[in-house]
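The structure appears below as structure tokens.
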Amino acid sequence: MNPPVKIRNAEEIAKAREAAGLVAQVLAMIGEHVKPGVSTEDLDRLCHDFIVNELKVIPANVGYHGFPKTICSSVNEVVCHGIPTPSKILKNGDIVNIDVAIIKDGWFGDSSRMFFAGEPKLAARRLVNTCYEALCAGIRQVKPGATLGDIGHAIQSIAFRDGYSVVREYGGHGIGDIYHDAPHVNHFGRPGEGLKLQPGMIFTIEPMINAGRREVKEMKDGWTVVTKDRSLSAQWEHMVLVTETGFEVLTTWPDGLGLYPAIA
């Protein structure tokens, strides 16, 4: 039996919104540092120091089930949970997902963004853009009475349209005073199926889209997940609140959208 999905009151929503805003600041800060010649260890240290010294909150990933670092840095064929290391030096054209989480007064913020090191190839940019479009399509389904299947179907429809695949082993999750909570949010599905959404629910939507086949494998470090065929993979993640009339993206980017369209 699935655990119940929490319905948050106004005070809890305010705490979640604050934590979400702080984690969005981390991702806004790190963008200018993602460039060729920088190691993923460098990016991790910058994020850690910003979280601890500037925001004065707790990096949620450090020690989480034994994870050793502040961020997950997933480069090129790495789907998720990449561990930052001094030896992983970014090259021109690399695509990088940075996934970070913080804790503010017991409440979690969790988000990820894609970045380019230098100038990506056209195929890489197309994958990243389609993944963002899929994220937006999923978020736009969020409203009272909609289902998780509606979200997953919208995401997979965008991915399949462009010839990509959707990772099935990992998904979004409820979040608040618990890092990974109910519900589990698949990025594939059928319209009308699954949990019916209610105002006050908060969860992440974080599609992982592969340029090749959907199959993935976990590396010997017990964390890093890569595409089996070594094709490129992209991911974006937002925290989303179900409102009385639709949705609110809690992890809005303080540095603006750049070339990416707004989610509305």
Side-chain angles (χ1 to χ4, degrees), residues 72 74-82 93-99 110-116 120-143 145-174 183-197 201 203-218 224-240 242 246-247 249 251 257-264:
C72 298
S74 302
V75 182
N76 295 336
E77 75 278 4
V78 179
V79 176
C80 59
H81 305 159
D94 283 347
I95 63 172
V96 190
N97 177 270
I98 295 180
D99 192 339
D110 180 17
S111 187
S112 83
R113 287 170 67 167
M114 292 299 299
F115 300 95
F116 300 123
K121 293 181 179 178
L122 186 60
R125 186 182 293 277
R126 180 171 173 264
L127 172 68
V128 169
N129 289 348
T130 296
C131 188
Y132 180 80
E133 186 182 348
L135 169 74
C136 295
I139 291 173
R140 291 190 188 107
Q141 296 299 312
V142 175
K143 61 183 177 181
T147 69
L148 291 181
D150 297 338
I151 295 172
H153 181 75
I155 289 169
Q156 73 179 21
S157 296
I158 297 297
F160 294 170
R161 180 201 69 192
D162 288 356
Y164 301 136
S165 61
V166 178
V167 173
R168 290 177 170 243
E169 289 81 357
Y170 304 92
H173 52 89
H184 178 80
V185 181
N186 284 324
H187 302 120
F188 58 93
R190 297 178 180 175
E193 292 189 352
L195 176 75
K196 187 169 288 189
L197 305 183
M201 292 180 175
F203 48 82
T204 69
I205 300 176
E206 46 184 296
M208 286 150 266
I209 308 297
N210 297 345
R213 297 178 59 86
R214 71 170 180 84
E215 288 82 10
V216 301
K217 68 175 183 178
E218 187 176 274
T224 305
V225 176
V226 300
T227 54
K228 270 192 176 180
D229 62 7
R230 289 302 197 270
S231 63
L232 292 178
S233 186
Q235 179 189 23
W236 298 87
E237 176 184 11
H238 268 313
M239 284 173 61
V240 182
V242 185
F247 66 86
V249 176
T251 42
L257 291 164
L259 299 174
Y260 296 100
I263 307 169

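Start at 1 with the first residue, then count along the sequence.
Closest of all the heavy-atom pairs between Ala137 and Ala154 is O-CB, 3.6 Å. Pairing each heavy atom of Gln141 with each of Ala146, the nearest pair is O-CB, 3.3 Å. Heavy-atom minimum distance, Tyr170 versus His187: O-ND1, 3.9 Å. The two residues Arg230 and Lys217 come nearest to each other via the heavy atoms NH1-CE, 3.6 Å. The two residues Cys131 and Ala234 have their closest heavy-atom pair at SG-O, 3.4 Å. Minimum interatomic distance between Met239 and Thr251 (heavy atoms only, all atoms of both residues): N-OG1, 3.0 Å.
The main-chain N or O of Pro261 is found under 3.5 Å from a side-chain atom of Tyr132 such that the two form a donor-acceptor pair. Checking side-chain atoms of Gln156 against main-chain N and O of Gly189 turns up a donor-acceptor pair under 3.5 Å. Remark: side-chain polar atoms of Ser233 are not paired, donor with acceptor, to backbone N or O of Val79 under 3.5 angstrom.
With hydrogens and angles left out, the side-chain atoms of Ser231 and Asn210 include no donor and acceptor closer than 3.5 Å. Residues Thr130 and Asp162 bring a donor and an acceptor atom of their side chains to less than 3.5 Å of each other.
Using a 4.5 Å heavy-atom cutoff, the side chains of Val167 and Arg214 are not in contact. Side-chain contact between Gln235 and Cys80: present, with at least one pair of heavy atoms (C-beta onward) separated by less than 4.5 Å. By the 4.5 Å heavy-atom criterion applied to side chains, Arg113 and Trp236 are counted as neighbours. Between Ile205 and Phe203, the closest side-chain pair of non-hydrogen atoms falls below 4.5 Å. Contact annotation: the side chain of Asp150 never approaches that of Leu197 to less than 4.5 Å [non-hydrogen atoms, C-beta and beyond]. Using a 4.5 Å cut-off on side-chain heavy atoms (C-beta onward), Ile209 and Leu127 make contact. Under the 4.5 Å side-chain criterion, counting only non-hydrogen atoms from C-beta, Pro183 is in contact with Leu148. Side-chain contact between His81 and Thr224 is absent, with no heavy-atom pair separated by less than 4.5 Å.
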Candidate pair Ile95 and Val75, rule side chain to side chain contact (heavy atoms under 4.5 Å, CB included), full reasoning: CA-CA 6 Å; Ile95 63 172; Val75 182; over 6 Å; no
Audit row: Met208, Val216, side chain to side chain contact (heavy atoms under 4.5 Å, CB included) steps and yes/no: CA-CA 11 Å; Met208 286 150 266; Val216 301; over 6 Å; no
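Once rounded to the nearest 0.5 Å, the distance linking CD of Glu133 with CD1 of Ile158 reads 4.0 Å. Atom OG1 of Thr147 is separated from atom CG of Leu195 by 8.5 Å, given to the nearest 0.5 angstrom. In this structure, Phe116 CZ and Asp94 CG are separated by 11.5 Å, a value rounded to the nearest 0.5 Å. Between the CD1 atom of Ile151 and the CZ atom of Arg140 there is a distance of 13.5 Å, given to the nearest 0.5 Å. Here the CG atom belonging to Leu259 is positioned 7.0 Å from the CZ atom belonging to Arg125, to the nearest 0.5 angstrom. One distance of note links CD of Glu237 with CD1 of Ile98; it measures 13.0 Å at 0.5 Å rounding.
For Arg161, the CZ atom sits in a packed shell: over 12 heavy atoms of surrounding residues, nucleotides or ligands are nearer than 6.0 Å.
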